[in-house]
Visitor: 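What follows is a structure written as structure tokens; I'll ask about it next.
Worth knowing before you read on, the calculation uses all heavy atoms, side chains too, and leaves out hydrogens, waters and symmetry mates. Computed from a predicted structure; not experimentally measured.
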Amino acid sequence: MSKINITEYKSPVGEILIGSFDEKLCLCDWYDRKARARVDSRLCKGLNAEYTRSDSAFNKQVISQLDAYFAKELTLFSIPLKFVGTDFQQKVWQALQNIPFGKTQSYGQLAESLNMPSAVRAVANANGANAISIIVPCHRIIGSNGTLTGYAGGLGAKKRLLEIEGLF
């Protein structure tokens, strides 16, 4: 069976699991998120792989870029990604990457950018299923009234990420 190399990373905003598969990032997710088992199962089944603890050189590169982000020295990640999800989810996750550092969008604006203005709820669900937090910036999605809405790492982590990016 193939392996997903897992490394624990204690970020300034919470503990994160980093996971790589074939030198691509497939997991950068909050250790204690409520949907942890569901996300892990989706990745393992989708990649026909199992988790193995490893401080691989690739995972260290991911952590180095995250450290630079938290130090406000990096605004754009250059890490190859491996999405595991439905075609629709992958479209949403790709669209999230088009939201620039220091900017936010509402779920409705994200749905509009996908030419699916009536799919706001589906876009929100796909956003919530994102397994590559921070690097695929689902934290940049806010409510249509400008308020912070749900986030797998918690609203406190979301606010701190947006503060790092110069918002709030």
Side-chain angles (χ1 to χ4, degrees), residues 4 9 11-14 16-21 24-36 38-40 42-43 46-47 58-59 61-63 65-70 72-168:
I4 299 170
Y9 170 60
S11 84
V13 296
I16 295 173
L17 284 177
I18 306 295
S20 60
F21 180 82
K24 291 184 179 173
L25 184 69
C26 62
L27 180 69
C28 180
D29 202 13
W30 304 96
Y31 185 81
D32 59 358
R33 82 178 283 173
K34 290 178 183 159
R36 172 86 277 127
R38 186 170 52 234
V39 170
D40 295 343
R42 183 180 79 224
L43 287 174
L47 296 171
F58 182 87
N59 286 10
Q61 175 191 353
V62 172
I63 289 169
Q65 287 194 29
L66 285 167
D67 284 342
Y69 168 85
F70 287 116
K72 300 182 182 182
E73 298 167 354
L74 180 78
T75 61
L76 187 63
F77 293 95
S78 60
I79 298 166
L81 304 177
K82 175 72 175 168
F83 291 127
V84 179
T86 66
D87 289 344
F88 179 78
Q89 287 173 327
Q90 291 185 44
K91 283 180 188 174
V92 171
W93 301 333
Q94 288 165 353
L96 285 168
Q97 294 177 86
N98 296 328
I99 304 171
F101 180 92
K103 303 289 183 189
T104 59
Q105 283 186 9
S106 68
Y107 293 107
Q109 289 170 317
L110 186 59
E112 289 273 345
S113 76
L114 292 163
N115 294 318
M116 299 178 188
S118 62
V120 174
R121 226 175 232 165
V123 165
N125 287 334
N127 191 60
N130 176 27
I132 308 178
S133 287
I134 304 171
I135 294 163
V136 176
C138 53
H139 62 278
R140 295 181 187 151
I141 298 297
I142 60 173
S144 58
N145 61 358
T147 60
L148 297 186
T149 56
Y151 186 61
L155 291 182
K158 183 173 189 165
K159 184 174 189 227
R160 288 182 65 199
L161 292 171
L162 293 173
E163 286 171 349
I164 287 167
E165 297 188 16
L167 300 168
F168 294 105

Visitor: Do L161 and F70 make a side-chain contact, defined as non-hydrogen atoms from C-beta onward lying under 4.5 Å apart?
Guide: yes
Visitor: Report the C-alpha separation of L27 and F21 in whole Å, then their side-chain angles, then the decisive distance to 0.1 Å, and conclude whether the side chain to side chain contact (heavy atoms under 4.5 Å, CB included) test is met.
Guide: CA-CA 9 Å; L27 180 69; F21 180 82; over 6 Å; no
Visitor: Tell me, with the steps shown, if V123 and M116 meet side chain to side chain contact (heavy atoms under 4.5 Å, CB included).
Guide: CA-CA 9 Å; V123 165; M116 299 178 188; 5.6 Å; no
Visitor: Answer whether the closest heavy-atom distance between the side chains of F83 and V136 falls below 4.5 Å.
Guide: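 In short, these two side chains touch, coming nearer than 4.5 Å.
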Visitor: Does K82 reach the side chain of L47, with side-chain heavy atoms less than 4.5 Å apart?
Guide: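 They are in contact (side-chain heavy atoms under 4.5 Å apart), so the answer is yes.
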Visitor: Nearest 0.5 Å please: distance from the CD atom of Q97 over to the CD1 atom of I135.
Guide: 9.5 Å
Visitor: Would you say the side chain of W93 lies within less than 4.5 Å of the side chain of Q90, judging by non-hydrogen atoms?
Guide: yes
Visitor: Looking only at the side chains, is there a donor atom on one of N59 and Y9 sitting less than 3.5 Å from an acceptor on the other?
Guide: no
Visitor: Does L148 form a side chain to side chain contact (heavy atoms under 4.5 Å, CB included) with L162? I'd like the steps, not just the answer.
Guide: CA-CA 10 Å; L148 297 186; L162 293 173; 3.6 Å; yes
Visitor: If you define the side chain from C-beta out and look only at heavy atoms, does anything of F77 sit under 4.5 Å from L66?
Guide: yes
Visitor: Does the R42 side chain pair with the main chain of A129, one donor and one acceptor, at a distance under 3.5 Å?
Guide: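 Yes; at least one donor-acceptor contact below 3.5 Å.
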Visitor: How long is the gap from CD1 on I134 to CD1 on I164, to the nearest 0.5 Å?
Guide: 7.5 Å
Visitor: Within the side chain of K158, is there an N or O that forms a donor-acceptor pair under 3.5 Å with the backbone of T149?
Guide: yes
Visitor: Could you check whether atom CZ of F101 has more than 12 heavy atoms from other residues, nucleotides or ligands sitting under 6.0 Å from it?
Guide: yes
Visitor: Take D40 and D29 through the test side chain to side chain contact (heavy atoms under 4.5 Å, CB included) and record every step on the way to the result.
Guide: CA-CA 10 Å; D40 295 343; D29 202 13; 6.0 Å; no
Visitor: Hey, is CG on N145 packed in by over 12 heavy atoms from elsewhere, all under 6.0 Å?
Guide: yes
Visitor: Who pairs with R160 by side chain to side chain donor-acceptor pair (under 3.5 Å), at least two apart in sequence or on another chain?
Guide: none
Visitor: Suppose the criterion is side-chain hydrogen bond (donor to acceptor under 3.5 Å, both in side chains): which pairs have a residue in residues 115-135, not counting sequence neighbours?
Guide: W30-S133
Visitor: Determine whether more than 12 heavy atoms belonging to other residues, nucleotides or ligands lie under 6.0 Å from atom CZ of R36.
Guide: yes
Visitor: Students often mix this up, so state it plainly: with edges at 30° and 60°, are the rings of H139 and Y151 parallel, tilted or perpendicular?
Guide: perpendicular
